[in-house]
2 protein chains.
Amino acid sequence: MSSLLGYSELMTSRPFHHGNLRVVLLERAEVMLREGGVDGLSLRELAREAGVSHGAPRSHFPDRQALLDALAERGFSRLTEDVRSALAGSGSLRHRLGRMAQAYVDFAVGDAALMELMFTTKTEGRTGPLQDAAVGLLEVLDDAMGPSADADASNSSRETFKLLFGATMQGIAALIASRRISRDQGNALVSEAMDVMLESQLGKQAVAQGSG
Amino acid sequence: MSSLLGYSELMTSRPFHHGNLRVVLLERAEVMLREGGVDGLSLRELAREAGVSHGAPRSHFPDRQALLDALAERGFSRLTEDVRSALAGSGSLRHRLGRMAQAYVDFAVGDAALMELMFTTKTEGRTGPLQDAAVGLLEVLDDAMGPSADADASNSSRETFKLLFGATMQGIAALIASRRISRDQGNALVSEAMDVMLESQLGKQAVAQGSG
DNA sequence: ACCTGAACACCGTTCAAGT
DNA sequence: ACCTGAACACCGTTCAAGT
């Protein structure tokens, strides 16, 4: 039965999680999600792995959906961070946007189940931290495109460009994740999509001033 | 207890499904999917609604995943049909492709849970009827673009165009389904995406000969 | 405030038995 | 070939009780 215990309390039997059970659960849930998908994520098994009773998670997450929402929120934070750092380097706008797109697809493919959680929101309400996290992602794209012109028309095309950019990356990632195209084909498709968008009227209007 | 019985056998007590239990299950499962999502789809409740024992579905679907796969396959058939008929009418290529994209998004939004089932395939094998059904969808797009040039370069750009077209529609549909943009914004985005793709070098190469 | 452990209703899957 | 019904292991959720 000692094999059921974690590594850090082979000596002491009881005092386990001080106040960080919540994060422990989230971290273990993330790997369970990655390994077994959403269906493979069981609250009871999660509690078992954390070394607590099956009722314990209830103190931190009212139900399973609450845990799933928290995972999605953390996912958005991590994605935003990945994308932001991919964008941070030097190079032309085209190169930086390309790196960003690549980071996005990398994340989506590497954490397909989490991505599914993030983009098939079950929650009805339009407010909440989860929506904020999603908005933050678009802001990164906004920053990358440099200062915006103050004309309304330009802002409109900029919004459209951002949405189209995000939608296209999302779609390509879905194609890869569902094994309909290979990873290499996906990378080529990302590059092609970048060209198509940047050479278009919409793209030229949207990034008129942005030249890192 | 008579309330548990279906409409067609208020008189006779036993002879129920002759050999069509399979389709009955699939049809009821489709509405359960639409109403309660994938999580809300229970084999036992499905059997209950169909008026058979909980073990009966086993005769037609070895396990729950097999039912889900069958649902996805039917989904592809229906999507292909919708898209094909949207494409069938008259008008310029731009208009026909626009109608097709609209039909695609309509389907994806109206049957979001089914769409999720279709595009997050759990099956590892690359063969099988499910993959065939997905391929059929791309063939419709191929037909719409008219006869292809026999040069290899042209075929390559055509393949790329089709994938990019599909990915973009998929991404826009995901944005709508996750409530991140409204239906109207989605429609506008579809239209914008069409313009961007058709005015690009890639688009011009891909549909060089296709003019309804 | 946080965790335990029994209880409840539900589930997917297996399988011997019926027709 | 198709369906029934008991059995098994597992699950999410609730809740009184402990500390």
Side-chain angles (χ1 to χ4, degrees), chain A residues 1-2 4-6 8-9 12-29 31-33 35-72 113 117 122-123, chain B residues 1-2 4-6 8-9 12-29 31-33 35-72 113 117 122-123:
Chain A
M1 52 181 66
S2 66
L4 290 174
L5 299 175
S8 58
E9 77 291 355
T12 77
S13 61
R14 294 300 309 290
F16 201 129
H17 302 109
H18 327 298
N20 62 338
L21 176 57
R22 190 189 140 92
V23 276
V24 170
L25 290 175
L26 283 171
E27 285 169 356
R28 300 229 44 134
V31 333
M32 281 183 66
L33 190 62
E35 290 172 353
V38 199
D39 296 340
L41 183 48
S42 152
L43 273 185
R44 288 179 104 109
E45 188 184 348
L46 192 60
R48 239 175 276 131
E49 290 189 1
V52 293
S53 76
H54 67 261
R58 197 66 194 315
S59 304
H60 302 278
F61 307 100
D63 56 12
R64 201 181 103 110
Q65 188 57 49
L67 171 68
L68 263 34
D69 288 346
L71 285 172
L117 225 49
K122 263 78 175 179
T123 61
Chain B
M1 50 184 67
S2 65
L4 289 176
L5 298 177
S8 59
E9 78 293 352
T12 77
S13 62
R14 295 299 308 292
F16 201 129
H17 303 105
H18 326 298
N20 61 337
L21 176 58
R22 191 189 141 93
V23 275
V24 169
L25 290 175
L26 283 171
E27 285 170 357
R28 301 227 47 134
V31 332
M32 282 183 65
L33 190 63
E35 291 172 354
V38 198
D39 296 340
L41 183 48
S42 153
L43 272 185
R44 286 179 104 108
E45 188 184 347
L46 192 60
R48 240 175 274 130
E49 291 189 1
V52 293
S53 77
H54 66 261
R58 197 70 194 312
S59 303
H60 302 277
F61 306 100
D63 57 12
R64 201 181 104 109
Q65 189 57 50
L67 171 67
L68 263 34
D69 288 347
L71 285 173
L117 224 51
K122 264 77 177 181
T123 61

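What you are looking at is a predicted structure, and each value in this text was computed from that prediction instead of being measured. Convention: sequence-line order gives letters A, B, ...; per-chain numbering from 1.
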How many Å lie between [atom1] on [X] and [atom2] on [N], as a whole number?
| X | N | atom1 | atom2 | result |
| --- | --- | --- | --- | --- |
| A/Leu46 | D/dC11 | CG | P | 11 Å |
| A/Gln65 | D/dG12 | CD | P | 13 Å |
| B/Arg22 | D/dC2 | CZ | P | 11 Å |
| B/Arg58 | D/dA6 | CZ | P | 18 Å |
| A/Asp39 | D/dG12 | CG | P | 11 Å |
| A/Glu49 | D/dC11 | CD | P | 11 Å |
| B/Phe61 | C/dG12 | CZ | P | 14 Å |
| B/Met32 | C/dC10 | CE | P | 14 Å |

Next item on the list: Using atom types as modelled and distance alone, determine if a side-chain donor or acceptor of B/Arg64 lies under 3.5 Å from a backbone N or O of B/Leu41.
Entry: yes
Notebook entry, point to check: In Å, rounded to the nearest 0.5 Å, how long is the span from CE of A/Met32 to OG of A/Ser42?
Noted result: 5.5 Å
Margin query: So, taking the atom named OG in B/Ser53 and the one named CZ in B/Arg48, what distance separates them when rounded to the nearest 0.5 Å?
Written below: 11.5 Å
Give none if [N] has no partner; otherwise give the nucleotide forming a Watson-Crick or G-U wobble pair with it, both distances under 3.5 Å.
| N | answer |
| --- | --- |
| C/dC3 | none |
| D/dA17 | none |
| C/dC10 | none |

Check: Which one, C/dG12, D/dT4, C/dC3, comes nearest to the side chain of B/Ser53?
Finding: D/dT4
Item checked: Closest listed nucleotide, where the reference is the side chain of B/Leu43 and the choices are C/dC11, D/dT13, C/dG12 -> C/dG12
Note to self: Quick check on DNA chain D: between A/Ser42 and A/Pro62, whose nearest nucleotide comes earlier from the 5' end?
What the structure shows: A/Ser42
Notebook entry, point to check: Of B/Asn20, B/Leu71, B/Leu46, which meets side-chain contact (heavy atoms from CB on, under 4.5 Å) against B/Leu25?
Noted result: B/Leu46
side-chain N/O [X] vs [N] OP1/OP2, d < 4.0 Å:
| X | N | answer |
| --- | --- | --- |
| A/His60 | C/dC3 | yes |
| B/Arg48 | C/dC11 | yes |
| A/Arg44 | D/dG12 | no |
| A/Arg64 | D/dT13 | no |

Checklist line | Heavy-atom side-chain proximity of B/Leu26 to B/Leu67 below 4.5 angstrom | finding: yes
Margin query: For D/dA6, does the base pair up with any side-chain atom of B/His54 as donor and acceptor (N or O, under 3.5 Å, distance only)?
Written below: yes
